[in-house]
Amino acid sequence: MTKALEGVRILDMTHVQSGPTCTQLLAWFGADVIKVERPGTGDATRGQLRDVPDADSLYFTMLNSNKRSVTLNTKSEQGQAIFAKLIASCDVMVENFAPGAIDRMGFPWEKIQEINPRMIYASVKGFGPGPYVDCKVYENVAQCTGGSASTTGFDPGPPLVTGAQIGDSGTGLHLALGIVAALSQRETTGRGQRVECAMQDGVLNLCRVKLRDQQRLAHGPLKEYPQYPNGTFGAATPRAGNASGGGQPGWIVKCKGWEQDPDSYVYVITQAASFHELAKAIGRADWLEDPEWNTPEARLPKLDQVFEEIERWTMTKTKFEVMDILNPLNVPCGPILSMKELAEEPSLRATGTVVEVDHPERGPYLTVGNPIKLSDSLTEVERSPLLGEHTDEILKDVLGFSDEEIAAAKEAGAV
Ligand code: CAO
């Protein structure tokens with residue numbers, strides 16, 4: 001079976017998380033991803049948060065599956081000559097260095113286009129053009145500057161960052177889509193182009209509904225927010241705690257065992273269409289006859305009491321029992337699953353969303369496989385490469401170097 005991106009060769013100049021998530025996805029779709037790393041050290045994440053001494057960290061291995069690694073000193077003269085040959089031989093170049101780093105290596109966009117007019121040059125930066133364009137940015141900075149932190153957490157309470165890596169992995173996803181779109185356009189124009197994603201923009205895109213709410217504020221209180229009707233609204237979209245983002249009220253409630261297990265909770269949505277079933281299930285059929293409770297409008301100012309009643313019931317059940325009872329009643333709900341539970345979940349293993357791969361230095365490890373399933377381009381997750389594992393192979397097969405030329409490049413410290 002072929003793969004969707006078979007025949008596409010990626011010059012992967014990415015490091016840390018945002019760029020590598022993008023090129024890992026492209027590799028899973030069949031692209032030949034050549035990861036260029038600095039000789040000796042490589043991607044800094046190889047050595048960060050190490051759990052096994054002297055072995056590539058999970059930080060690195062979980063973000064660099066299915067890639068080939070070549071070491072190259074892009075600041076040496078010989079290294080730059082090799083880099084230019086790689087640019088000429090690839091379809092896409094992806095990088096997420098600090099602003100201007102590739103230019104400082106001597107490869108501004110104009111030069112890249114000159115070497116290879118079909119090249120698609122994709123970059124992640126913290127910010128787009130504007131006052132912060134030159135800043136270095138990590139995940140949580142992006143969450144804070146993209147609108148996520150100001151709208152996450154409880155009111156009152158400080159802004160909160162989320163565990164989902166919406167700045168890094170989120171922007172990597174955006175970039176991957178841009179690259180695939182540019183590859184498609186190249187089919188008709190024959191030209192490459194620049195693809196740029198700013199982490200601030202990516203986070204804001206994922207916080208789109210919060211900018212929606214900012215504009216709704218001008219027309220009255222946000223009735224689905226916990227601040228309504230007993231709290232106050234300020235000038236900006238407030239933090240909504242665990243309230244449901246849509247028009248259907250939801251909240252996280254405790255389940256049996258919550259005193260010992262920090263994840264013994266379930267999210268329950270009290271959508272109007274199935275409220276009568278929910279009320280009966282929790283032993284409050286009386287609500288259905290009572291005008292104080294039997295319409296969404298009547299319940300809205302008393303949602304805290306509705307969820308207190310639901311919690312009284314859920315605290316007598318495990319989160320999985322709640323699922324088993326409420327799902328057949330069409331009551332949308334979801335257990336709070338821990339990372340341990342997700343790692344052990346058989347259905348995620350069966351679909352390849354959680355995969356175990358073997359690694360020569362560290363042995364077997366778990367990784368998150370491709371969450372995007374194509375019926376005609378199956379993903380086989382392979383381990384990440386060791387530093388420079390494919391240097392000789394790439395110089396020989398991609399660039400046509402002879403053994404003598406490879407030896408000379410090594411001698412000069414270029415690879
Ligand atoms: N050979 C020689 N030099 C190399 C090289 C190679 N193969 N690969 C990288 N380098 C050099 C770069 O040219 C750069 O040198 P200069 O500073 O002299 O131009 C240097 O290594 C380091 O690059 P950097 O500034 O990008 O690295 P950093 O650790 O200081 O910053 C980060 C890291 C992530 C903050 C920054 O790269 C950044 O802001 N990137 C864009 C936004 C982004 O992707 N952030 C998400 C990161 S994941 O949380």
Side-chain angles (χ1 to χ4, degrees), residues 11-24 34-49 57 59-60 62-64 67-87 93-108 111-112 121-130 132-146 148 161-176 178 195-203 385 387-388 390-391 394-395 409-410 412-415:
L11 181 52
D12 182 8
M13 303 288 293
T14 68
H15 68 156
V16 206
Q17 186 182 164
S18 64
T21 55
C22 166
T23 50
Q24 178 169 259
I34 299 174
K35 184 167 173 107
V36 174
E37 296 181 83
R38 207 193 311 228
T41 46
D43 187 329
T45 59
R46 285 186 185 268
Q48 282 172 2
L49 311 178
S57 70
Y59 197 0
F60 178 84
M62 292 179 72
L63 288 164
N64 291 285
K67 303 180 185 178
R68 300 198 277 172
S69 166
V70 57
T71 51
L72 185 65
N73 180 358
T74 54
K75 286 190 173 158
S76 75
E77 207 181 311
Q78 291 93 332
Q80 288 182 346
I82 295 173
F83 189 41
K85 285 191 165 74
L86 281 169
I87 291 172
M93 173 169 150
V94 191
E95 63 89 20
N96 68 308
F97 289 124
I102 298 283
D103 296 23
R104 287 192 290 278
M105 281 177 193
F107 290 87
K111 179 156 178 196
I112 293 170
Y121 175 25
S123 304
V124 171
K125 297 288 167 254
F127 296 94
Y132 306 122
V133 69
D134 290 328
C135 297
K136 292 188 175 187
V137 167
Y138 282 105
E139 172 67 46
N140 287 348
V141 175
Q143 288 195 26
C144 292
T145 56
S148 176
V161 294
T162 159
Q165 305 288 283
I166 57 177
D168 281 337
S169 291
T171 309
L173 264 169
H174 283 94
L175 194 73
V195 180
E196 293 174 293
C197 284
M199 294 168 76
Q200 181 184 41
D201 299 5
V203 171
L387 179 60
H390 306 96
T391 300
I394 286 162
L395 291 180
K410 283 183 180 166
V415 297

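Predicted, not measured: the structure shown is a model, and the values here were computed from it. We count ligands from 1, going down the list as the structure has it; atoms in each ligand are counted the same way.
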ask   = Are the side chain of Gln80 and the backbone N or O of Phe107 linked by a donor-acceptor pair below 3.5 Å?
value = no
note = Quick note on ligand 1: atoms under 4.0 Å from a heavy atom of Val16 include exactly 47 (C), 48 (S), 49 (O)
ask   = Sequence neighbours excluded, which residues qualify as ring-ring contact (aromatic ring centres under 6.0 Å, His included) partners of Tyr138?
value = none
message = Polar contacts were defined as any N/O atom of the residue lying under 3.5 Å from an N/O atom of the ligand; does this apply to Pro39 and ligand 1?
response = no
task = Can you pull out the closest protein heavy atom to atom 12 (C) of ligand 1? Residue, atom name and distance to 0.1 Å, please.
result = Met105 CE, 3.9 Å
Heavy-atom side-chain contact between Met13 and Met105 under 4.5 Å = yes
key: Any side-chain donor near an acceptor of the partner, Lys67 and Thr23, under 3.5 Å   = yes
task = Around atom 20 (C) of ligand 1, find the nearest protein heavy atom and jot down its residue, atom name and distance.
result = Arg38 NH2, 3.8 Å
ask   = Among protein heavy atoms, which lies nearest atom 49 (O) of ligand 1, and at what distance?
value = Asp168 OD2, 2.6 Å
note = The protein heavy atom nearest to atom 15 (O) of ligand 1 is Lys75 NZ, 2.9 Å
message = Test your reading of the structure: does Arg104 have an N or O sitting under 3.5 Å from an N or O of ligand 1?
response = yes
request  = For Asn73, take its heavy atoms, then give the atoms of ligand 1 lying under 4.0 Å from any of them.
outcome  = 1 (N), 2 (C)
inquiry  = Can you name the atoms of ligand 1, numbered from 1 with element, that are less than 4.0 Å from a heavy atom of Glu37?
reply    = 7 (N)
Heavy-atom nearest neighbour in the protein, as seen from atom 36 (C) of ligand 1, with distance rounded to 0.1 Å = Ala98 N, 3.7 Å
query = Can you find an N/O atom of Val36 closer than 3.5 Å to an N/O atom of ligand 1?
reply = no
request  = Please state whether Gln165 comes within less than 4.0 angstrom of ligand 1, counting heavy atoms only.
outcome  = no
key: Pair listing, salt bridge (Lys or Arg N to Asp or Glu O under 4.0 Å) test, anchored in residues 94-107, at least two apart   = Glu95-Lys125
inquiry  = Would Ile34 and Asp12 count as a side chain to side chain contact (heavy atoms under 4.5 Å, CB included) here? Give the steps.
reply    = CA-CA 5 Å; Ile34 299 174; Asp12 182 8; 5.8 Å; no
ask   = Side chains of Gln165 and Gln17: is there a donor and an acceptor less than 3.5 Å apart?
value = yes
query = Under 4.5 Å between any side-chain heavy atoms of Cys22 and Val124, yes or no?
reply = no
Per-atom contacts of ligand 1 with Val124, taking only distances under 4.0 Å to non-hydrogen atoms = 41 (C), 44 (O)
inquiry  = Which residue and atom name correspond to the protein heavy atom nearest atom 7 (N) of ligand 1, and how close is it?
reply    = Leu72 O, 2.8 Å
request  = Heavy atoms only: give me the nearest Cys197-Thr171 pair and the separation to one decimal.
outcome  = CB-CG2, 3.7 Å
query = Of all the heavy atoms in His15, does at least one lie under 4.0 Å from an atom in ligand 1?
reply = yes
query = So which protein heavy atom does atom 23 (O) of ligand 1 come closest to, and at what separation?
reply = Phe97 CD2, 3.9 Å
ask   = Considering distance alone, does some N or O of Cys135 sit under 3.5 Å from an N or O of ligand 1?
value = no
task = Test side chain to side chain contact (heavy atoms under 4.5 Å, CB included) on Leu11 and Val36 and set out the steps.
result = CA-CA 7 Å; Leu11 181 52; Val36 174; 3.5 Å; yes
key: Distance-minimising heavy-atom pair for Ile166 and Glu139   = N-OE2, 3.3 Å
message = For atom 30 (O) of ligand 1, what's the nearest protein heavy-atom neighbour? Residue, atom name and distance, please.
response = Lys136 NZ, 2.5 Å
